[in-house]
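Numbers restart at 1 for each chain; the letters A, B, ... are given by sequence-line order, proteins then strands.
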Amino acid sequence: MISINDLKAEIDGKEILRGINLDVKAGEVHAIMGPNGSGKSTLASVLAGREDYEVTGGTVDFDGEDLLDMDPEERAREGLFLAFQYPVEIPGVSNMNFLKAALEEVHAHKNLDPLSAKDFLARVREKSALVELDSKLTNRSVNEGFSGGEKKRNEIFQMAMLEPKLAILDETDSGLDIDALRIVANGVNKLKSEKNATIVVTHYQRLLDYIVPDYVHVLYNGRIVKSGTKELALELEEKGYDWIKQEVDV
Amino acid sequence: MGYTEEDLKEDLKGKEYEFGFVTEIESDKAPKGLNEDIIRLISEKKNEPEWLLEFRLNAFEHWQTMTEPEWAHVKYPKPDFQDLHYYAAPKQKKQVESLDEIDPELRKTMDKLGISIEEQKRLSGVAVDFVMDSVSVATSFKDKLAELGIIFCSFSEAVQEHPELVRKHMGTVVPSTDNFYAALNSAVFTDGSFCYIPKGVKCPMELSTYFRINEANTGQFERTLVVADEGSYVSYLEGCTAPMRDENQLHAAVVELIALDDAEIKYSTVQNWYPGDENGKGGIYNFVTKRGICERNAKISWTQVETGSAVTWKYPSCILKGDNSVGEFYSVAVTNNYQQADTGTKMIHIGKNTNSTIISKGISAGKSQNSYRGLVKINKNAANARNFSQCDSLLMTDTSGAHTFPYIEIENSTAKVEHEATTSKIGEDQIFYCLQRGIDEEKAISLIVNGYAKEVLNKLPMEFAVEAQKLLAISLEGSVG
Ligand SMILES: Nc1ncnc2c1ncn2[C@@H]1O[C@H](COP(=O)(O)OP(=O)(O)OP(=O)(O)O)[C@@H](O)[C@H]1O
Ligand SMILES: [Mg+2]
């Protein structure tokens, strides 16, 4: 699905990603953990194509194509989805309108017929039920005045609507109450298939009880310094990051 | 035939010319310059009654004592008023054989706006068949209005056909001496629109200048008068979203609205005059005086979407004279490149329980300057007057400017006046969020800007609103930085 090779990126001349290597295959779930400021969101942003970051080295292959060569909107249309750590508000633009615009683009890109209004609404109903998103929220302006948890839920709702190949969830669990966490995780699990893949960025092992990862990676100082299975997450929960930092810094 | 423009000039100098000879000369324009004789010539050519000539001459006399206002936040070289032609015989728009002869840039924009080929031809002056759609639409339209006693015609026609109505109302809201440009307009206006809605009649369709029959080139000094008699209602649309070019750089229009007891006038404008090129060369100067008066329980709403002109100077206002009258102003003003806009409103509360609302959304891109200037005045006797004002500015670039100049004068202690203002910069985060969902930058800007302006766009009649949305997007193409 995605193959990241020695990816390096900087912002304002400051190197943040210092050679990331990661392979994610269809059907897999990967978790990325790591201390604050280690570069997790940066990695997500660079993959999504945010222009503030300058890629200074490495390659990324996305389903046989050169990801770094694509514009951000093209990456999205090709099926890369980022659930933002801090979703932005777009006043005056209804969630429905926004999603309709997005779906139209994706469909046009794939040479599919545009969704009819009826099918679109049916899909909204189905997918909002999946994450138990209040129908009032789907009609409101994008994220405007949403609570922190509602914003996160809305991200997963959008993901459900767009059905991406690769979803990157950046701390989608932070700010969710316990029930919401379960609901969102269930949503993600239901959307899982042999054809898509998920990268979950999180600080908490708790989420991984619900969304069970095939692999867990630790990002530290711009590199993946340790990879393992879900047991690694348990170990991190128990011991923190110091032991890893020590291993690396030696 | 032997008579030349030079001879004409001589005659005018000597002030001895006789009216009526102009038809014999080949030139279709009066000579440049502004003086009493030119005004007499205009009035004579238009076969106007004596009182109207008096009106013009009074305005001219006053105008000569006035100086061009300097207080607006705009900079431009002052026009030389003696270097303009003030009268041109009504002539056919230059006809072209096919659309291929039209500026491709202009066509591209019209395509994007979704303007039909037929309509494009009409707007660009391409010769078209007689069975053209809009002609028949306009005819049946006029029949229907006549049945209801509604008068909707050119200003010149109104002067001939309904002189008593014009005389009674003209200049009562915007006196000929009101300001420099209004005085100029009053002296030299050549045409415009007139509309009268009889008592108790609700006009069943939007009246659009766009469909007005006999639409001659109304030119640079346009005059509009709308009178809504007691208990009547009218929604009036001015302008169109298609880009408008004009060889005249200076435009100074006057619009007067009169809403008698219990009447309502909704006046919507889309202004898209040529704004000049991306280096700030060319473009129209648009200096407009728009004002309405509300009698008892009457209501006037101004809604405007301003995207054109190099310099805009415009303050559609309401005089809330009657008790319980209501004034509204909803505005979106977009400036890009080197455009400058100084626009806003005045709400003058005179009657008791009068209520006004001001929603202004400025959008500045490129190196443009966008100012809101508004006055809320509550007179001594305006007990329980209310005003709510909200003035938002959206900056698309670091090089553009947004300014707000609210003036509030309150002479009655029972008044309640609220003012809110915000300035924000279009977020790169917002744009990236859209990109990440597969929406390209152009569409993203369109979504964000239309969302921002939604409160105002919602006030426009449906068809107009859809076009206005596209227009906003086009005006701001490639403008984030
Ligand atoms: N625009 C920027 N300018 C300068 N430094 C930046 C910028 N964006 C990110 N950084 C720095 O890059 C580093 C990595 O940030 P990033 O947001 O990727 O961390 P993270 O692993 O997601 O952290 P957290 O767990 O707190 O979300 C941090 O030191 C951060 O300060
Ligand atoms: Mg982060």
Side-chain angles (χ1 to χ4, degrees), chain A residues 44-53 70-110 140-144 151 154-155 157-159 161-164 166-168 170, chain B residues 305 330-332 334 359-363 390-396 398 420-460 465-466 468-470 472-473 476 478 480-481:
Chain A
S45 296
V46 168
L47 293 178
R50 183 133 204 174
E51 272 161 16
D52 306 336
Y53 300 92
M70 297 182 209
D71 287 333
E73 64 271 31
E74 214 180 324
R75 301 180 193 196
R77 292 170 196 167
E78 282 289 325
L80 186 140
F81 181 93
L82 172 59
F84 287 84
Q85 183 172 3
Y86 305 108
V88 300
E89 305 189 357
I90 311 181
V93 178
S94 79
N95 243 333
M96 297 285 263
N97 216 349
F98 180 73
L99 275 170
K100 208 163 145 289
L103 268 172
E104 272 167 15
E105 296 292 342
V106 172
H107 276 229
H109 182 74
K110 295 182 180 160
R140 263 170 44 189
S141 296
V142 178
N143 294 324
E144 195 187 21
K151 285 181 184 171
N154 195 27
E155 292 292 286
F157 166 58
Q158 292 183 20
M159 169 180 137
M161 289 293 291
L162 292 165
E163 298 179 332
L166 174 67
I168 305 169
D170 192 358
Chain B
V305 176
Y330 299 99
S331 168
V332 180
V334 179
I359 309 283
S360 162
K361 304 269 181 180
I363 302 168
Q390 186 181 325
C391 304
D392 297 330
S393 307
L394 183 66
L395 295 170
M396 310 290 287
D398 293 326
E420 289 174 10
T422 66
T423 300
S424 49
K425 173 138 200 291
I426 191 163
E428 277 173 41
D429 288 348
Q430 290 175 326
I431 292 176
F432 185 68
Y433 193 79
C434 295
L435 294 176
Q436 213 304 304
R437 299 302 185 244
I439 300 167
D440 63 36
E441 179 164 309
E442 212 171 283
K443 285 223 177 77
I445 291 171
S446 162
L447 268 177
I448 295 165
V449 167
N450 279 302
Y452 165 78
K454 193 174 178 181
E455 261 177 287
V456 175
L457 297 175
N458 279 348
K459 297 288 170 185
L460 289 172
V466 174
Q469 280 187 19
K470 289 189 206 155
L472 286 190
L476 289 167
V480 178

Q: Specify the closest pair of heavy atoms between B:F432 and A:P72, including all atoms of both residues, with the distance to one decimal.
A: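 Nearest heavy atoms, B:F432 then A:P72: CE1-CB, 4.2 Å.
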
Q: Using heavy-atom distances under 4.5 Å, tell me whether A:F98 contacts chain B through its side chain, its backbone, both, or neither.
A: both

Q: Most heavy-atom pairs under 4.5 angstrom with chain B, which of A:L103, A:L82, A:L162?
A: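 Winner by heavy-atom pair count: A:L82.
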
Q: Could you check whether any side-chain N or O of B:Q436 sits under 3.5 Å from a backbone N or O of A:R75, counting only pairs where one atom can act as donor and the other as acceptor?
A: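 Flag not set: sc B:Q436 to bb A:R75 has no pair under 3.5 Å.
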
Q: Which distance, rounded to the nearest 0.5 Å, do you find between the CG of B:D429 and the CD of A:E89?
A: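 B:D429 CG to A:E89 CD: 11.5 Å, rounded to 0.5 Å.
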
Q: Looking at every heavy atom in both A:E73 and B:D440, which two are closest together, and how far apart are they?
A: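 For A:E73 versus B:D440, the nearest heavy atoms are OE2-CB, 3.9 Å.
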
Q: For B:Y433 and A:N143, does a side-chain donor sit closer than 3.5 Å to a side-chain acceptor?
A: yes

Q: What part of A:P164 gets closer than 4.5 Å to chain B, counting heavy atoms only: side chain, backbone, both or neither?
A: neither

Q: So, do B:C434 and A:I90 sit near enough that their side-chain heavy atoms are less than 4.5 Å apart?
A: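 Side-chain contact under 4.5 Å: yes.
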
Q: State, to 0.1 Å, how close B:G438 and A:A76 come at their nearest heavy-atom pair, and which atoms those are.
A: N-CB, 3.3 Å

Q: Please report the closest heavy-atom contact between B:L447 and A:V93, naming both atoms and the distance.
A: O-CG2, 3.1 Å

Q: Check each atom of A:D52 against the heavy atoms of chain B and say whether the ones under 4.5 Å are side chain, backbone, both or neither.
A: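 When you check distances to chain B, only side chain atoms of A:D52 fall under 4.5 Å.
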
Q: Begin from the C-alpha positions of A:E104 and B:K443 and carry the test side-chain contact (heavy atoms from CB on, under 4.5 Å) through to its verdict.
A: CA-CA 12 Å; A:E104 272 167 15; B:K443 285 223 177 77; 5.9 Å; no

Q: Please step through side-chain contact (heavy atoms from CB on, under 4.5 Å) for the pair B:R437 and A:L99, ending with a clear verdict.
A: CA-CA 8 Å; B:R437 299 302 185 244; A:L99 275 170; over 6 Å; no

